[in-house]
Amino acid sequence: CFQHWYLFAAFTIVALFLAMVANRFTVPVYKVTTYLLIKDEENPLDPQNFIGASLYGNPYKLQNEIGLIQSKELTKRTLQGLNFYTSYYKDEKFTFRSLYHDGPFVVEIDSSFEQPLGISFHVDFINDTIMKLNAEAEDVVCYDFRIHAVTRQIDKFEFHDTISFGELAGNQYCRFRILPNFRSLGQIASDKSYTFKFHSLSELISTFRISEVEATKNSSILEISLRCENVQQGADYLNMLSRAFLAKGIERDDKVAVST
């Protein structure tokens with residue numbers, strides 16, 4: 001049975017190589033989780049509250065709250081409290097790593113001007129302050145961030161320029177400034193290539209809308225999970241989502257108080 005041992009060894013080497021390639025070129029996805037306690041302030045001694053309820057809270061109320069957390073409305077409200085419209089990546093060999101707030105620069109959008117969506121703007125630093133910008137794409141959608149609406153579609157987009165920090169950049173389809181992020185500026189010495197993209201509100205809603213919500217066993221605690229490319233960004237989103245959820249509950253209670 002060992003006469004073909006070399007085939008087994010060859011297959012093992014190939015399998016290990018393919019696993020290394022997949023691990024090297026696959027963008028990592030992380031799971032970030034938070035918990036929310038859903039309070040039931042109804043009187044537990046009221047017999048009417050035993051209908052459809054359990055010892056550990058009203059399951060119908062939990063389902064309603066889960067529906068709210070997964071709703072487009074709450075997702076939109078959450079994202080409007082964050083600045084996720086520009087994503088940043090470090091160019092690594094054959095892949096990109098999401099940077100969020102850890103990149104050496106921040107893009108300041110000119111909101112009075114439309115911007116192209118989904119295009120990779122490649123940034124190559126010549127030195128600590130000067131960089132080359134390059135971007136090319138076809139069938140590009142232009143977007144107005146003031147009203148969060150698509151303005152037009154162009155057949156071809158092309159942009160090439162050499163700028164320094166703070167200088168206004170753009171053409172007839174885009175306009176922005178690149179400002180230094182002093183907290184991470186030092187990494188330019190070793191990593192000189194980066195990418196950024198613009199995203200619409202509707203795209204962000206599709207990306208961040210929560211799909212994983214579970215009621216923990218025998219309790220009124222909801223476990224909310226988000227899968228994302230950057231752990232800190234995922235944590236910031238869940239924290240803002242929790243605040244938006246609580247604010248929505250306060251608004252709902254105020255409406256009930258006014259109506260009664």
Measuring from atom OG of Ser71 to atom CD1 of Ile66, what distance do you get when rounded to the nearest 0.5 angstrom? 12.5 Å
I want to check something: taking the side chain as every heavy atom from C-beta on, are Arg209 and Lys72 in contact at a cut-off of under 4.5 Å? yes
Least distance between heavy atoms, Ala135 atom then Ile119 atom: CB-CG2, 3.8 Å
Does the gap between the ring centers of Tyr85 and His148 come in under 6.0 Å? yes
Quick one: does any side-chain atom of Arg227 pair with a main-chain N or O of Lys31 as donor and acceptor, under 3.5 Å? no
Is there a chain of hydrophobic side chains (I, L, V, M, F, W, Y, each step under 4.5 Å between heavy atoms) that links Phe182 to Tyr100? yes
Would you call Pro116 and Phe121 a side-chain contact if the rule is heavy atoms closer than 4.5 Å? yes
Charged N to carboxylate O below 4.0 Å: is that the case for Arg175 and Glu114? no
How are the rings of Phe176 and Phe198 set to each other: parallel, tilted or perpendicular (split at 30° and 60°)? perpendicular
I'd like to check Tyr88 versus Thr195 (side-chain heavy atoms, cut-off strictly below 4.5 Å). Are they in contact? no
Rounding to 0.5 Å, atoms OG (Ser112) and CG (Asp144) come to a distance of 9.0 Å
For His199 and Ser87, does a side-chain donor sit closer than 3.5 Å to a side-chain acceptor? yes
If you take all heavy atoms of Ile163 and Ala169, which pair is closest and at what distance? CD1-CB, 3.9 Å
Looking at every non-hydrogen atom in both residues, tell me the closest pair between Leu179 and Glu108 and how far apart they are. CD1-OE2, 3.8 Å
Output for pair (Ile178 CD1, Thr129 OG1), nearest 0.5 Å, gives 12.5 Å
Does Phe157 form a side-chain contact (heavy atoms from CB on, under 4.5 Å) with Glu138? I'd like the steps, not just the answer. CA-CA 6 Å; Phe157 176 87; Glu138 297 180 352; over 6 Å; no
Using atom types as modelled and distance alone, determine if a side-chain donor or acceptor of Asn181 lies under 3.5 Å from a backbone N or O of His101. yes
Val150 with Leu79, same ILVMFWY side-chain cluster at under 4.5 Å: yes
Value rounded to 0.5 Å, distance of OG1 in Thr75 from CD1 in Ile205: 7.0 Å
Are Ile126 and Leu133 connected in a single hydrophobic cluster, I mean Ile/Leu/Val/Met/Phe/Trp/Tyr linked by side-chain heavy atoms less than 4.5 Å apart? no
Taking Leu74 as the starting point, is it possible to reach Leu246 by hopping between hydrophobic residues whose side chains are less than 4.5 Å apart? yes
Residue pair Leu99 / Tyr89, side-chain heavy-atom distance below 4.5 Å: no
Show the nearest heavy-atom pair for residues Pro104 and Leu185, with the distance to one decimal. O-CD1, 3.4 Å
Output yes when a side-chain donor or acceptor of Glu65 lies under 3.5 Å from a complementary backbone atom of Leu62, and no otherwise. no
Look up atom CD in Glu73 and atom OG1 in Thr78, then write down how far apart they are to the nearest 0.5 Å. 10.0 Å
Can Ser193 and His122 be said to form a side-chain hydrogen bond (donor to acceptor under 3.5 Å, both in side chains), step by step? CA-CA 7 Å; Ser193 297; His122 298 283; over 6 Å; no
Between the main-chain N or O of Cys174 and the side-chain N or O of Asn171, is there a donor-acceptor pair closer than 3.5 Å? yes
Strictly under 6.0 Å, is that where the ring centroids of Tyr173 and Phe113 end up? no
Just jot down the salt bridge (charged side-chain N to carboxylate O under 4.0 Å, His left out) partners of Glu223, sequence neighbours excluded, or say none. none
Show your working on side-chain contact (heavy atoms from CB on, under 4.5 Å) between Arg177 and Val107 and close with a plain yes or no. CA-CA 6 Å; Arg177 298 178 192 274; Val107 177; over 6 Å; no
Under a 3.5 Å distance rule, please check whether Glu229 uses its side chain to pair with a backbone N or O of Val29 as donor and acceptor. no
Report yes if some heavy atom in the side chain of Phe159 is under 4.5 Å from a heavy atom in the side chain of Asn134; otherwise report no. no
Test Met240 against Asp236 for side-chain contact (heavy atoms from CB on, under 4.5 Å), laying out the working first. CA-CA 6 Å; Met240 184 62 73; Asp236 287 349; over 6 Å; no
In terms of heavy-atom contacts, does CG of Asp155 have more than 12 from other residues, nucleotides or ligands at under 6.0 Å? no
Restricting to non-hydrogen atoms, name the atom on Gly234 and the atom on Cys228 that form the minimum distance, rounded to 0.1 Å. CA-SG, 3.7 Å
Taken to the nearest 0.5 Å, the spacing of Ser120 OG from Asp91 CG works out to 8.5 Å
Is there a side-chain contact between Ile69 and Leu36, using heavy atoms and a 4.5 Å cut-off? yes
Are Tyr194 and Phe196 close enough that their ring centres sit under 6.0 Å apart? no
What pair of heavy atoms forms the shortest contact from Leu201 to Lys76, and how long is it? CD2-CE, 3.9 Å
Start with the C-alpha distance between Val213 and Gln70, add both sets of side-chain angles, then the distance that settles side-chain contact (heavy atoms from CB on, under 4.5 Å), and finish with yes or no. CA-CA 8 Å; Val213 183; Gln70 295 178 321; 3.9 Å; yes
Is it true that, when you exclude Glu136 itself, more than 12 heavy atoms of the residues, nucleotides or ligands shown sit nearer than 6.0 Å to its CD? yes
Quick check against the 3.5 Å criterion: does Gln233 have a side-chain atom that pairs as donor or acceptor with the backbone of Asn230? no
Any chance the side chains of Ser225 and Thr33 put a donor and an acceptor closer than 3.5 Å? yes
Any heavy-atom pair between the side chains of Asn127 and Phe125 that's under 4.5 Å? no
Quick check: do Ile224 and Leu238 have side-chain heavy atoms less than 4.5 Å from each other? yes
Note: Lys132-Asp124 ion pair, threshold 4.0 Å (strictly below): no
Any residue meeting salt bridge (charged side-chain N to carboxylate O under 4.0 Å, His left out) with Arg77, in chain and number order, not counting sequence neighbours: Glu251
Could you label the plane-to-plane angle of the Phe84 and Tyr237 rings as parallel, tilted or perpendicular, counting under 30° as parallel and over 60° as perpendicular? tilted
For atom CD of Glu158, decide whether the heavy atoms of other residues, nucleotides or ligands shown that lie under 6.0 angstrom number more than 12. yes
Tell me whether Ile38 shares a hydrophobic cluster with Ile221, the cluster being built from Ile, Leu, Val, Met, Phe, Trp, Tyr side chains joined at under 4.5 Å. no
Classify the angle between the aromatic ring planes of Phe145 and Tyr143 as parallel (below 30°), tilted (30 to 60°) or perpendicular (above 60°). perpendicular
